[in-house]
Amino acid sequence: MSAATEVKADPSVAAPASAGTELMTYREALRLAMRQEMERDPSVFVMGEEVGVFDGSYKVTAGLLDEFGPDRVRDTPISEEGFVGAGVGAAMLGERPIVEIMTLNFLLVAMDQVVNHAAKIGAMFGGEVRCPLVIRTPNGAGNQLTAQHSQSFDAWFAGTPGLKVVSPASPADAKGLLKAAIRDDDPVLVIENLPIYKEKGEVGVDAELTTPIGLAAVAREGSDLTLVSHGFATVRALKVAEQLAASHGVAVEVVDLRSLRPLDVETVAASVAKTSRALCVEEGWPTYGVTAELAARIQLACFDHLDAPVERLGMAEVPLPYAKELELAAMPTEDRLAAAVLRTLDLAR
Amino acid sequence: MSAATEVKADPSVAAPASAGTELMTYREALRLAMRQEMERDPSVFVMGEEVGVFDGSYKVTAGLLDEFGPDRVRDTPISEEGFVGAGVGAAMLGERPIVEIMTLNFLLVAMDQVVNHAAKIGAMFGGEVRCPLVIRTPNGAGNQLTAQHSQSFDAWFAGTPGLKVVSPASPADAKGLLKAAIRDDDPVLVIENLPIYKEKGEVGVDAELTTPIGLAAVAREGSDLTLVSHGFATVRALKVAEQLAASHGVAVEVVDLRSLRPLDVETVAASVAKTSRALCVEEGWPTYGVTAELAARIQLACFDHLDAPVERLGMAEVPLPYAKELELAAMPTEDRLAAAVLRTLDLAR
Amino acid sequence: MSTTLTAAPPTDLLGLYGEMVLIRRFEEAAERQYKAARIGGYCHLSSGQEAATVGTVAAMEEEDLLVTGYRCHGFALARGVTPEAVMAELFGRRDGCAHGRGGSMHLLDVSRGYYGGWGIVGGQLPIATGMALSLVRRGAPQAVLCELGDGGVNTGAWHESLNLAAVWNLPIVFLVINNQYGMGTSVDRASAEPDLFKRAASYRMAGERVDGDDVESVIESATRLLAAAREERKPAVLEAMTYRHRGHSVADAGLAYRTKEEIEERKLADPLERARALLNKRGVEDERIAAADAAAEAAVERAVAFAESDPAPDVDRLAAGMYAPGSGDQFERMALGSPLGERELVFAGGLGE
Amino acid sequence: MSTTLTAAPPTDLLGLYGEMVLIRRFEEAAERQYKAARIGGYCHLSSGQEAATVGTVAAMEEEDLLVTGYRCHGFALARGVTPEAVMAELFGRRDGCAHGRGGSMHLLDVSRGYYGGWGIVGGQLPIATGMALSLVRRGAPQAVLCELGDGGVNTGAWHESLNLAAVWNLPIVFLVINNQYGMGTSVDRASAEPDLFKRAASYRMAGERVDGDDVESVIESATRLLAAAREERKPAVLEAMTYRHRGHSVADAGLAYRTKEEIEERKLADPLERARALLNKRGVEDERIAAADAAAEAAVERAVAFAESDPAPDVDRLAAGMYAPGSGDQFERMALGSPLGERELVFAGGLGE
Ligand SMILES: Cc1ncc(C[n+]2csc(CCOP(=O)(O)OP(=O)(O)O)c2C)c(N)n1
Ligand SMILES: Cc1ncc(C[n+]2csc(CCOP(=O)(O)OP(=O)(O)O)c2C)c(N)n1
Ligand SMILES: [Mg+2]
Ligand SMILES: [Mg+2]
């Protein structure tokens, strides 16, 4: 395949994994995706605070500066509105910038460029110009980062027509979805997560292997209840499902959304139609969050199948406090999630 | 009552309307609220673009500059992040700034000050300091303002713990909720709407008459279906309810939320328990929007009462196009709303 | 409509005058059509700013890129977008330069390197800066001209964009159209440094001010700064001093914050009058000037006629353009359980086709 | 803990030295405790920046207000917050100055006019500007000292805040602690104008640079600028040149972007050493210096002991502080149908009590 045709390759079609798989961390999988796409397509470049000399504040871009040089791995001043917008402008000329935002919290200062510029270009200009921009950033809490640094605004971006939003939960999808995002001709926000970077998994290393945008995955099969989640919540969900299988003999099905916009309601509904119970969980605040949309969709799509109302779990609705005890109490930990599953199954004593 | 005690007056308790009512527009009701509060409390002042010399870009503050002078009606440069943050700082010292944002769309450039600063102060600083800030701004579409100027991000702010969000639908509540917001000791976002400014209604002019934050209103009684809405969508809902009573003899109950955070789920659930059918409507995009949370709450609170799934209606999920035909097609007009009601009642042919 | 490249813009004074008078007549027609309710939304006219508009665009090379704010009718016309395509856009019609989806504030013509037409004050600055970055990355010998207003210099986006442009040595000229007011706020009430061009110094960037009502001075300055941007990758700020004859938008009478006297006095510097006087001084016959006036009249009339007869966009294609071709498959599985109307309007409305 | 007012800060060199050495010892202890996992989150130390910190705060009057970024242990201590209250906050304990809810980045003490302790680069600038506006509105003869780092001068918030402060003549001094780096990015890679104080000119504002490792020069400059702010409502920028001895945070070794040699060389300008040398030169006996060292040691040990024995915040009060007293009633009707756990954790967790 020539680079030219590869650039046009439809990202929603996963090529077969010819080159086999390797065990690697989520962080390494993201790096592999960037390296492969930068090798494949000269219009791909990385831009953000500390992505170069510092090797990335969470080391996702480590080594890329040495490999690709400062023009393609560009350190920026602390000017999120400026360099996110610069990514938009470069993308409008056909480049494929990957803008790293240190954490999702800092996207608030660049919100206008993402929501009122990048997302508007295709429709507002009558399809005359596109914006193939990728923004990568971790959400989530933990590690006592406190109120200003522990947030997940996933639903806000997923609620913005003109954007696409993905949130990989495994190293394989971290690589596959980031590659799909880079090849996509629209602005895509890739929501990562701080605690998830160190998670390990098998990753198909084939350079053409991507994860389709808009397709959820049944990450674990089960018949008693459907746990719907994305990102790090899926990691928790899978652990809890195993625990409860052992401790209570319940069979929990886990649907990993992978994409938030487009949202694969069909896979979610098919699972709930089978289990007739649903619990939706997210790392962020559930009220007006991702799980609100999930509950709204499920109750409509599965009205005749539900044995119980759709339940939700997320971060307690407070600005996350610093003290470890308070932070733990507020987060959707495995303990809280397990209790929520049992409660949704009416098994809680 | 001395100014001092009045300042402490609990905003969630509505004083009796002794001074009677007057017919006025929504715009005039907002102005009356500001004038009364500025007369009552010297710490109240207005700040924003064009609020003074220009009389307000939508004339809400017209005349206040002449009445209160440039220190209390302060024109600002085009620096939303700067002057919203200035409002936060002044509020932390005990002032009660009313910051006008020309339209909600422009709050995107000040998002960080609202979400990651104003909303965090109470909790993050252990309750040592408060932020009695009011931000007033209109949302909504119509008038062909196009993609960048026709949005409603209501759910994003309502989903932020630490903020309070109200959205009056009538002149009486415009006055009552704005006054309650000004007297409230927490940051309150008052979401107005462009087409609603000219709506007329009776307003209790008593200076102590406020509308409690966190209390929805049954704006119209009915037994067949509950329409849940806020802001301008409530104006549409009431018109449609009358039309359908006449045309189809259906009795639609309209619940006007008035507050989005706190959200009065009890009033909504009580109504749906009675009508057993619910349609939630909003001016903005419904997916991941306010109506998502409403559907999630209703299906949980009213699981055994619902005869049909909760339905939703909002702006078609596209960046709003300029052409009148396209804009009308995309908006939750009375025609679309009426059709949605009939469909939810299974009366649509 | 917007696919053929324009002939290089005229540089002779009569030609420039012709462009300026075309813009003036166009804006007058736009105001009439707005009042006749054929144009909606916000409609910002540039009457009085023609020399700054025509002069800076005349200094651009064909391959250079243009980015502007929302007061953009004049820039689109100066860059060679046909009056038909612009008026049709204002009417919200199919053959408008944004196919009726953008309207007055969001004109563009990619074939002429004009990338919009943006409505958020300051929002176009980071985007234009990124375009300049892209030019450098691809080794293209071009520059970007990015227009903003005097009110825009107080946005955070201004500061971040100019710093990026300077720290990365990008080929971009930030054109500040200083028409004295941002809506009703005069420059001195908004900017602690009212000599706006001096703010370039904060980025060790060249900054200069030019009489924006003298088209030839504007061309001289803009040509020099654009050349430095192209050839030496030196970004710059050009502040063009001019005046907005009409209100902020057609909805604003423009009198609450300035006096009739001020307006009348400033109109003495009307760039059209000055160009006409200069043409006379140089012995250009009144006939030729009158011919240019007539040509402008006629072009605007043709544009209005075209816009009137141009069909409206197809409502069944509401979602067209929002996502790139191929995205339809990605969204297929999202339709289930969606809010009322989404299937008909959006999923069946050309989404990602 | 944080309710009594501090005695006016010392202005004699030995007293200033005592404050600086207290901060150094405190930061060393914080690093040890962080590595012992008693402190979590981001922990930014100010070792090396003591003179800039102590000198500027010493120039403040008791009624002046202080606002800082997240590298704030030193500022809190210099402003008189007790080491106990600061260390307890770092430990996340009940009697911390933010009751364990803010941690290292969000220290404050309203009784001492210290309004935090903010974590978003640039985010504290508009807030401090609003405080200065409030002082003017109330006719209070005070000024605000607002600290930020060299990296913060490239945020939009810097530009908007300085312009507002200047166009409204607000009593505020923006203190730029220039420690040469924003994380791993040196000033010249981030700022097109690396002489950061010169950017004040864009707002017709006074700007000056001072040797931030010479506590007496810092006091001289800060005193002058704060007086001008208080008495003439003249805002200003003060750039204090210093160096961060440790990494960006305790998690950063601080070597990826600078050499050991550079660090060693810069440590020759260690403000503590310089103060000690000056004290000797002025004939202050080593015993008295040693006594100050010992006092600092002891104070930090007491602080750690206090923090260790201080109880953790009450988990049953998770929502305390989020909303003002009285808000509980407003939220009562929201509990119905909430996500799992909200009733127990939030609605019953002290919400608005
Ligand atoms: C961020 C933002 N805030 C406010 C507005 C509303 N607004 C539109 S134009 C304008 C004035 C801009 O003045 P100036 O930059 O001088 O440009 P001019 O209108 O004079 O061409 C304002 C405040 C906006 N579009 N964007
Ligand atoms: C808006 C924003 N972007 C990024 C960050 C992450 N961050 C925290 S500190 C820092 C460097 C700041 O450097 P400087 O202003 O020089 O202060 P210093 O750390 O040297 O004291 C960055 C990028 C942030 N907190 N806020
Ligand atoms: Mg202007
Ligand atoms: Mg620094």
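All figures in this text were calculated on a predicted structure; none of them were measured in a lab. Side-chain atoms are counted along with the backbone in the values below, which use heavy atoms only and exclude waters and symmetry mates. First the proteins, then the strands, lettered A, B, ... as listed; each starts at 1.
A:E100 is linked by a side-chain hydrogen bond (donor to acceptor under 3.5 Å, both in side chains) to A:R136, counting only residues two or more places apart in sequence or in another chain. Residues passing the side-chain hydrogen bond (donor to acceptor under 3.5 Å, both in side chains) test with B:S276, sequence neighbours excluded: B:D307.
Scanning all heavy atoms of the two residues, the minimum distance from B:A296 to A:A292 falls at CB-O, 3.9 Å. Shortest non-hydrogen contact noted between B:V290 and A:Y288 is CA-CE2, 4.0 Å. Here the shortest heavy-atom pairing between B:L300 and A:E311 reads CD1-OE2, 3.6 Å. Of all heavy-atom pairs spanning B:A147 and A:K120, the tightest one is O-CE, 3.2 Å. Listed here is the closest heavy atom pair of A:N116 and B:Q148: O-NE2, 2.6 Å. The heavy-atom pair separating B:A295 from A:Q299 by the smallest distance is CB-NE2, 4.3 Å.
Atom-to-atom distance recorded for A:L108:CG and B:Q113:CD is 10.5 Å, nearest 0.5 angstrom. Here the CE-CD distance, from A:M111 to B:E81, works out to 13.5 Å after rounding to the nearest 0.5 Å.
In this structure, the portions of A:V310 lying under 4.5 Å from any heavy atom of chain B include both its backbone and its side chain. In this structure, chain A has heavy atoms under 4.5 Å from both the backbone and the side chain of B:V109.
Each of A:A110, A:A301, A:A308 has some count of heavy-atom pairs under 4.5 Å with chain B, and the biggest count is that of A:A308. Ranked by heavy-atom pairs shorter than 4.5 Å toward chain A, the options B:L306, B:D304, B:L107, B:T146 are led by B:L306. Top candidate by heavy-atom pairs under 4.5 Å with chain A, chosen from B:W285, B:F303, B:F106, is B:F303. The choice from B:G162, B:C302, B:A158, B:P321 that makes the most heavy-atom pairs within less than 4.5 Å of chain A is B:A158. Contact count against chain A (heavy-atom pairs under 4.5 Å) is highest for B:L260 among B:L260, B:T160, B:L294, B:N105.
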Requested in this report: Show your reasoning for whether side-chain contact (heavy atoms from CB on, under 4.5 Å) applies to A:W156 and B:V115.
Outcome: CA-CA 12 Å; A:W156 302 4; B:V115 171; 3.8 Å; yes
